[in-house]
Enquirer: 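Dumping the structure here so I can ask a few things about it.
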Amino acid sequence: MSVRDERDYLLRMIAMAAATVARLRGRLTGGEGGIAAEVVTSARTAQAELLGRDGALLRMLDPTSAAQMLGPERIPVWADLLQLEADALRADGKVDEANAVEARAKALRPSR
């Protein structure tokens, strides 16, 4: 695969993940009953697709190390997917788990 093909693939993966965030956010805020657990599952699946074969390792690393390994292109979308997962967990009553996921999402975002 050429560098250009790899870049195009990466951009497509980022666009797909961003579209997933928007679609799932709409479902979560749309008030559909029982949707929170489905949104958590979908957000986790989208993260696995975005992170690729290194996903398990990236999730085990601290946020700073994970961000360095991943590179800057995918970090904002990963953080958005994590925040979506946290919001869905909170809506499902899993506050402690939501807080942990949200803290990771915030740690991945660059300081402003």
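Here, residue 1 is the first one in the sequence, and each next residue gets the next number.
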Enquirer: Do Leu61 and Met69 touch side chain to side chain, with heavy atoms closer than 4.5 Å?
Expert: yes
Enquirer: By the definition side-chain contact (heavy atoms from CB on, under 4.5 Å), identify the one residue from Leu10, Ile14, Asp8 that meets it with Arg12.
Expert: Asp8
Enquirer: So, for Ala79 and Ala105, which heavy atoms are closest and what is the spacing to 0.1 Å?
Expert: O-CB, 3.6 Å
Enquirer: Should side-chain heavy atoms under 4.5 Å link Ile, Leu, Val, Met, Phe, Trp and Tyr, which residues sit in the same cluster as Leu11?
Expert: none
Enquirer: Let me confirm one number: the CZ-CZ distance from Arg104 to Arg59, rounded to the nearest 0.5 Å.
Expert: 9.0 Å
Enquirer: Output a table of donor-acceptor pairs, distance under 3.5 Å, between side-chain atoms of residues 47-58 and any protein atom two or more places apart or on a different chain; print 'none' if there are none.
Expert:
{"residue": "Gln47", "atom": "OE1", "partner": "Trp78", "partner atom": "NE1", "Å": "3.2"}
{"residue": "Gln47", "atom": "NE2", "partner": "Ala43", "partner atom": "O", "Å": "3.3"}
{"residue": "Gln47", "atom": "NE2", "partner": "Glu85", "partner atom": "OE1", "Å": "2.8"}

Enquirer: Got a sec, which residues hit side-chain hydrogen bond (donor to acceptor under 3.5 Å, both in side chains) with Ser65, two or more places apart in sequence or on another chain?
Expert: Asp62
Enquirer: With sequence neighbours excluded, tell me which residues meet side-chain contact (heavy atoms from CB on, under 4.5 Å) with Glu97.
Expert: Arg44, Leu89, Lys94
Enquirer: List the atom of Pro72, the atom of Pro76, and the distance in Å for their closest heavy-atom pair.
Expert: O-CD, 3.3 Å
Enquirer: Quick check for you: to the nearest 0.5 Å, what is the distance between Leu108 atom CG and Arg74 atom CZ?
Expert: 12.5 Å
Enquirer: Linking Ile, Leu, Val, Met, Phe, Trp and Tyr by side-chain heavy atoms under 4.5 Å, what else ends up with Tyr9?
Expert: Met13, Met16
Enquirer: Working note: Asn99 + Arg90, criterion side-chain contact (heavy atoms from CB on, under 4.5 Å); need CA distance, chi angles, decisive distance, verdict.
Expert: CA-CA 8 Å; Asn99 290 341; Arg90 193 167 285 110; 2.7 Å; yes
Enquirer: Salt-bridge test for Arg25 and Asp87: reply yes if a basic N is under 4.0 Å from a carboxylate O, no otherwise.
Expert: yes
Enquirer: According to side-chain contact (heavy atoms from CB on, under 4.5 Å), who are the partners of Val39, at least two apart in sequence or on a separate chain?
Expert: Leu24, Leu28, Ile35, Leu84, Ala88
Enquirer: Could you pull out the closest heavy-atom pair between Ala18 and Val77, with the gap in Å?
Expert: N-CG1, 3.8 Å
